[in-house]
Structures are given as C-alpha cells and as structure tokens.
Protein chains: 2
Amino acid sequence: MTDDAPTPTDAIVTIFKAIADESRLKILAHLSAEPASVTDLAELTDLRPPTVSHHLSVLGGAGLVTAERRGTTRIYSFLPSGLDEARRSLSEERGLSAFSDDETLEAWEQKVLSVFLDGETVVQIPAGEKKRMVLVRWIAAKFEEGRDYPEREVNEIIKQHHIDSAYFRRMMVETGLMTRANGVYRKPATPGRSA
Amino acid sequence: MTDDAPTPTDAIVTIFKAIADESRLKILAHLSAEPASVTDLAELTDLRPPTVSHHLSVLGGAGLVTAERRGTTRIYSFLPSGLDEARRSLSEERGLSAFSDDETLEAWEQKVLSVFLDGETVVQIPAGEKKRMVLVRWIAAKFEEGRDYPEREVNEIIKQHHIDSAYFRRMMVETGLMTRANGVYRKPATPGRSA
DNA sequence: AGCGTATTTCGATAAACATCTACGTAGATA
DNA sequence: TATCTACGTAGATGTTTATCGAAATACGCT
C-alpha cells in the first residue's frame, strides 16, 4: 500500500494551505461578497490574470470555489461549504487529534515498551508523562473488561510485572482505565479505541 | 505610513500558515492531547529535534503554543485560544470580507470610473457586474438621501449622465440604492458604507 | 472564416520553506 | 569542576511556490 492515497488529513491540509496566502484570502473575500471573473479579480487584487488563474486553481482544488462559464468569461463563486471541514478541525475538541498518525504512534508506543520492558517485566518507569501512560495502558491490558477485581487480585496481577502495584493501581484509576466502586475494581468497556 | 506594521490580517495569515503544514498539525494534535517536550514530539512525529524546535517556534510565533521550563527540558503546551481568531475568520459571514483591502478597492473603482466616464458622462456601460455596479453607485451619488423624487425627475438627473435612464433607474431600485413607493423614488440613508 | 477578448498553460525566476547535520548553550548531577 | 542531557541556532540543501511574460486555447461576434 503506497502513501499517495488522498486521506482526509490531506484534504484538510490542502484547505489550510489554500487559505494560508494573502492573495488568495483577498480573492476569497471578494468572491464571498459576490461572484467575479478572473479579470475583475486581477484588477481588484492588483495581480496579473495568470496569477489569479493559478490561485483560483488552488482554491478550486481545495473545494473553495466553483467556476461557471458565462460566454467567454468564467464567473467564479465562493463555496462556503468548502470551509466546513476546516471549521470542524479547528472547533471540535477532537478535531486536531485526527492528525496524530496512529501508525507512527503505535510504532512509538512499541518502541517505548521495548525500552522499558524486559519480557513481561517493567524494568523502569519512564519520566515522561506520555511514556508513563504507555506503560500504564500496557498494564491495564492485562485485565479483562467488565469483570470485577478485588483490590488484592489487582495488586497480584500488577506485581507480575512491577513491584509498585500501588502506583499503577492509582494511575489506572486516575486516568479512568479502571473504575473503583465499594472497594471493587472494574475495567470498563473501551469506548472506541480500535478503529 | 509604511506597510510593515503587523495588521490583524497578517496575524490571521500567520496562524493559517502555521497550521497549513502536516508536521505542525501532528505536533498540535499531540500537544492538544497533552503537553510534551521537544524530544517526545520528535519521536512521535518521526522528525529530528531541531526540526521540531523550528516548528514549535513557528507555532509559538502564531500564538498557538507556549513553553514552560522544567529543568533542562521545555514543556510545550497547546493554546486553544490562539485559534479563536482563525475560527472567527472562517465562521462569521463577515469574516472573510476583512481581507478585501479597501484601499486598492477604492483605487480600482476610481480606475473604472476614469475608463467609463468622460467628465460627467457615462460613455459606455461595462460588461462586468462589479464594474457596472461602480457606475450605478456613481449615478446614485447624484441623488440626495431621504428626499422624494418623482420618476420624471429621476429620469432627468440620470439623463444628464447617460441616455438610458430606465436602465440605471431599474438597477438602483433592484440593488436597493433607491426605493420606490407609490411612484415616488427615495434614496435611503447609507447604513454604513464609509468607514 | 477571421478577429478580439477572456482564460488557461508554459517556462522562468526568485523567494520561502521544511528538513537535516553540526555546533553552541544552559541547567542538572556527580 | 566536569560531564551529560535537552534545547536552540547556524548553515546547507532540495523542494515548493508565488509571480510574471509569452504563447496557446476557447468562445463569441461580424
């Protein structure tokens, strides 16, 4: 599988690249006021028609404008819906996280595990928060979902991998990987981790 | 007045340029999940630390991240408020129009007038919609605001500048530059054209 | 058919940029 | 004090890109 497939991430980057230019922003501003031809925009923006044509091509590639033939001229119009995706990326809390490549992230986590694990034993707790969490999640994977564990059993399982059972027990509860009710621990069902 | 002052438009363009890069989007994604150091981000993004440092500098210049010294390392954090301006530019209906430079626009209108006017006479009606509207507005400027004009007088005034009084009369009414009630014409007060 | 106008395409150029390696700097620790 | 580690800076390099003039294309009009 090559990497030249147009991913949704690419689409967003294309849109941002398209509007990250002063000339194109001016063009979009004029078009958002009313449709216009290339020569109109050239005079409005103080650019030569070929330059405007190029910018309109970029904007069109990002899905931000459309063209309609009107005799020999072409009337370009602004497509507000083209910005929807960009808005979502900036607005949603989860919008940006779409760009963290799960592939390299998984590879990185494997690397962290290979460094701090010796077989099934945690040989050292990393200093970085992100790296620590990789270990905590690895420990949490040793538990079954939806099953009740008394604290004694939780400690036993953790101690198979590291001496400080209290640390990992606390981390799992703090981060929601484990829940505690009436002294009984339980690993909730994963909401939607694996795609 | 030179043009090297940091205008609000520049700030927006800077922000868009900052997020219009896949590596920086990945970095922002990780930072939006949790603060991280340069080396952490370097491993996560599969880039060398100097490259990450450069990107963080760009993001910092756009007001999207902050750094906090933690011993020898620096913990970078995502600044969600840095995206507020960008969101506004994309969301508001009037957001994009902020980029249309009124200065060059006025100059362009003067140029259009100089081409299609001979003194006080319209020598030709331009083909482009935008250019036509410049002429229509110029004609409309010959009327006083808030005064009643019978159709006969409207035609007289227009004919001082162009023969086809019906065309300009209709255009002015269609575009709201003039209102017609009971056969009487009136130019409403300008809502907020001149800054 | 032939001409004029609007647009795109082509080729060139100069600037911006992402990325790297090599080096410099500043805290922390022994 | 010496050393180690994390970070930034400087310089180099290859790529992208914004812009232009010149030429090609498409369309309408006479």
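Note that CG of Leu44(B) and CD of Glu109(A) are 9.0 Å apart. Values are rounded to the nearest 0.5 Å. Taking CZ from Arg169(B) and CG from Leu177(B), the interatomic distance works out to 15.0 Å, rounded to the nearest 0.5 Å.
Judged as a side-chain hydrogen bond (donor to acceptor under 3.5 Å, both in side chains), not a single pair has a partner in residues 62-72 of chain B (not counting sequence neighbours).
Between Ile27(B) and Leu41(B) there is a side-chain heavy-atom pair separated by less than 4.5 Å. Two residues are said to be in side-chain contact when any heavy atoms from C-beta on lie closer than 4.5 Å; Ser23(A) and Thr51(A) fail this criterion. Side-chain atoms of Leu64(B) and Arg24(B), non-hydrogen and from C-beta on, never get closer than 4.5 Å to each other.
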Please tabulate, one pair per line, each protein N/O and nucleotide N/O from nucleotides 3-8 of chain C that are separated by under 3.5 Å, including the distance.
from: dA6(C); atom 1: O4'; to: Thr72(A); atom 2: OG1; distance (Å): 2.8
from: dT7(C); atom 1: OP1; to: Val38(A); atom 2: N; distance (Å): 3.2
from: dT7(C); atom 1: OP1; to: Arg74(A); atom 2: N; distance (Å): 3.3
from: dT7(C); atom 1: OP2; to: Thr39(A); atom 2: N; distance (Å): 3.0
from: dT7(C); atom 1: OP2; to: Thr39(A); atom 2: OG1; distance (Å): 3.1
from: dT8(C); atom 1: OP1; to: Tyr76(A); atom 2: OH; distance (Å): 2.2
from: dT8(C); atom 1: OP2; to: Ser53(A); atom 2: OG; distance (Å): 2.7
from: dT8(C); atom 1: O5'; to: Ser53(A); atom 2: OG; distance (Å): 3.3

Between Arg132(A) and Tyr167(A), does a side-chain hydrogen bond (donor to acceptor under 3.5 Å, both in side chains) hold up when you go through it step by step?
-> CA-CA 11 Å; Arg132(A) 267 204 309 272; Tyr167(A) 173 76; 3.1 Å; yes

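Straight-line distance from the NE2 atom of His54(A) to the P atom of dT9(C): 12 Å, rounded to whole Å. Taking atom NE2 of His55(A) as the reference point, atom P of dT9(C) lies 15 Å away to the nearest angstrom.
Toward the 5′ end of DNA chain D lies the nearest nucleotide of Ser57(B), the other residue of the pair Ser57(B) and Lys17(A) mapping further downstream.
Electrostatic pairing of Arg88(A) and Glu85(A) does not count as a salt bridge here, judged by no charged N lying under 4.0 Å from a carboxylate O.
The span of DNA chain D lying next to chain A, judged by atoms under 4.0 Å from heavy atoms, is bounded 5' to 3' by dT17(D) to dG28(D).
Residue contacts for Arg70(B): at a heavy-atom cut-off of 4.0 Å it reaches no nucleic acid atom on any strand shown.
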